[in-house]
Amino acid sequence: MAEEDVVPKTFRALVESADRKFARVRDLPSCGRAQGQHYFQKVFKAYMRLWKYQQEHRAELVKAGLNRWEIGEIAGRIGQLYFGQYMRTSEARFLVEAYIFYEAILKRRYFEGCGVKDLRVRFKELRFYARFLLVSLILNRTEMVKVVVEKLRALIDDCKANFRETNFKEWKLVEQEILRFINIDTTFTIPSSRPFRYCAMLNCHPNSVPYVARFHAKKVLKFRDAILMSYHRNEVKFAELTLDVYRMLQCLEWEPSGSFYQKHPAEPKENGVAVDSSGASGLIDMNLAADMTDTALPPNPRKAILYRPSLTHLIAVMATICEELPPESIMLVYLSASGKPGQINTSHVETSGGSRRTRKSMLTSHSSLEQNCSSTESHINGVKGPSDYYNDYLWLGPKGNGGSSNLYPGDIIPFTRRPLFLIIDSDSSHAFKAGSL
């Protein structure tokens, strides 16, 4: 083997090895306290070796034909790792690191300047913009969101003009989703609006609120885990993050305030790596052993985000988290869904100009059902019997999917053996009141 071939072959071998490990981590379930931590360490070390190798041998690799978009793809994979770990742990440091990687890719223009005819690279750039938008949304970087949206829109238009035989309808839908999201969300429409995150500068610290402990004379429960689920038709969303879950996600986190998050302006180096004097950027130091936590703030609760899950999947996730809930801890469950399918169909008929007779029969049927339920309750002196736990429900399914998609109050009773804080955002929320379970 010629000496000039050693560096490129070693680089390709490192890329293939890192990609195999990345695929294993990407397919792991996001819920569970110990899920994927061992594999995450291994894949992170693989990309650390890969990144350092391309830094040390940049000249030889460029001479052998290394493209800038390939460097950007490596950095993008590391950003994906950080974001995936944030979704599993809810640790803000991982989210910040993912943002730093994506921002560096954008500023160094790794994907720009490549051949217009390379459709494969163009799809990589589209996916990069979509991932960067999601990270920027969660971090409330509104200005960056607007910048990336414009770049995404320009790229889609460019791709449609240069690749007429390819259908970019899905990416046009992505553009429409993000535009609808930012047009409705108050964070973007009202710049002076207060952030949803709990901010130590605007709110008092939990330790300074003594009355929190008076309800638990013997023990104080710690908020450790949360499940955020949404299932509606025609939801305002971006990717699999709906607007209601997005706002709940913000409400359950601390606004970063420690010195770790006080970033300094980045300065470029010759090899295109962003130098950050705070030492937190993963582009410079990808050391998981480093203490990058914000000690001034309590940890964020772990959150399992479920977009349109099946009923069995939702119950499985609740069971997993409930089983792994640490002692003296409480789990929050936020369920946003419609009530009975008949209620949804009624409003749909009204908006689509259905006949008055159809609407009247539907409303009459629904009214009689409510009367039957109320009469049953009054029959047992206001105390619900076992059958009443299954009169009302949340509807988790497509149109006409039947009872297999109904979440009844009785389905949640087994999970009340552990401390549970339940939030039901639905027109059937009355069925899940504390006195009913």
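Computation of the quantities below employed the complete heavy-atom set of this structure, encompassing side-chain atoms and omitting hydrogens, waters and symmetry-equivalent molecules.
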- Glu73 and Lys124: which non-hydrogen atoms are nearest, and at how many Å? OE2-NZ, 2.6 Å
- So do the side chains of Phe22 and Gln80 get within less than 4.5 Å of each other, counting heavy atoms only? yes
- Query: Looking only at heavy atoms, what is the nearest atom pair of Pro309 and Ser230, with distance?
  - Reply: CD-O, 4.2 Å
- Query: Taking everything shown except Glu150 itself, do over 12 heavy atoms lie less than 6.0 Å from its CD?
  - Reply: yes
- Task: Measure from the side-chain N and O atoms of Thr416 to the backbone N and O of Pro414, and report whether any donor-acceptor pair falls under 3.5 Å.
- Result: no
- Task: Would you check if the side chain of Asp185 reaches a backbone N or O of Phe181 as a donor-acceptor pair within less than 3.5 Å?
- Result: no
- Look at Glu328 together with Lys222 and state whether they make a salt bridge at an N to O cut-off of under 4.0 Å. no
- Message: Could you tell me if the side chain of Arg77 sits less than 4.5 Å from the side chain of Asp19, heavy atoms only?
- Response: yes
- Query: Would Tyr82 and Phe44 count as a close aromatic pair, with their ring centres under 6.0 Å?
  - Reply: yes
- Can a cation-pi geometry be assigned to Arg141 and Tyr99, taking NZ or CZ under 6.0 Å from the six-membered ring centre and within 45° of the ring axis? yes
- Test side chain to side chain donor-acceptor pair (under 3.5 Å) on Lys146 and Thr142 and set out the steps. CA-CA 6 Å; Lys146 295 174 182 177; Thr142 57; 5.5 Å; no
- Could you pull out the closest heavy-atom pair between Ile78 and Tyr47, with the gap in Å? CG1-CB, 3.9 Å
- Counting distance only, does the side-chain N/O of Ser136 pair as donor-acceptor with the main-chain N or O of Val145 below 3.5 Å? no
- Note on the structure: The single option from Lys160, Arg153, Arg180 that satisfies salt bridge (charged side-chain N to carboxylate O under 4.0 Å, His left out) with Glu175 is Arg153
- Query: Where the side chain of Ser90 meets the backbone of Asn300, is there a donor-acceptor pair that is under 3.5 Å apart?
  - Reply: no
- Under 4.5 Å between any side-chain heavy atoms of Val148 and Ile178, yes or no? no
- Just wondering, do Lys237 and Leu243 contact through their side chains at under 4.5 Å, heavy atoms? no
- Message: Taking side chain to side chain contact (heavy atoms under 4.5 Å, CB included) as the definition, give me every residue that meets it alongside Arg418, ordered by chain and number, with sequence neighbours left out.
- Response: Cys322, Leu325
- Query: Closest heavy-atom contact between Phe168 and Phe163?
  - Reply: CE1-O, 3.7 Å
- Item | Short side-chain to backbone donor-acceptor contact, Tyr246 and Leu137, under 3.5 Å | yes
- Task: Test Ile74 against every option in Phe101, Tyr110, Trp69, Trp51 by the side-chain contact (heavy atoms from CB on, under 4.5 Å) rule and name the one that passes.
- Result: Trp51
- Task: Would you indicate whether the side-chain heavy atoms of Leu106 and Met144 approach each other to under 4.5 Å?
- Result: yes
- Message: Is the shortest side-chain heavy-atom distance between Leu335 and Leu314 below 4.5 Å?
- Response: yes
- Item | Arg68, Lys107, Lys151, Arg122 screened by salt bridge (charged side-chain N to carboxylate O under 4.0 Å, His left out) with Glu112, the one that passes | Lys151
- Message: With heavy-atom distances below 4.5 Å as the criterion, would you say the side chains of Ile227 and Met318 are in contact?
- Response: yes
- Side-chain donor/acceptor of Ser429 to backbone N/O of Asp425, under 3.5 Å: no
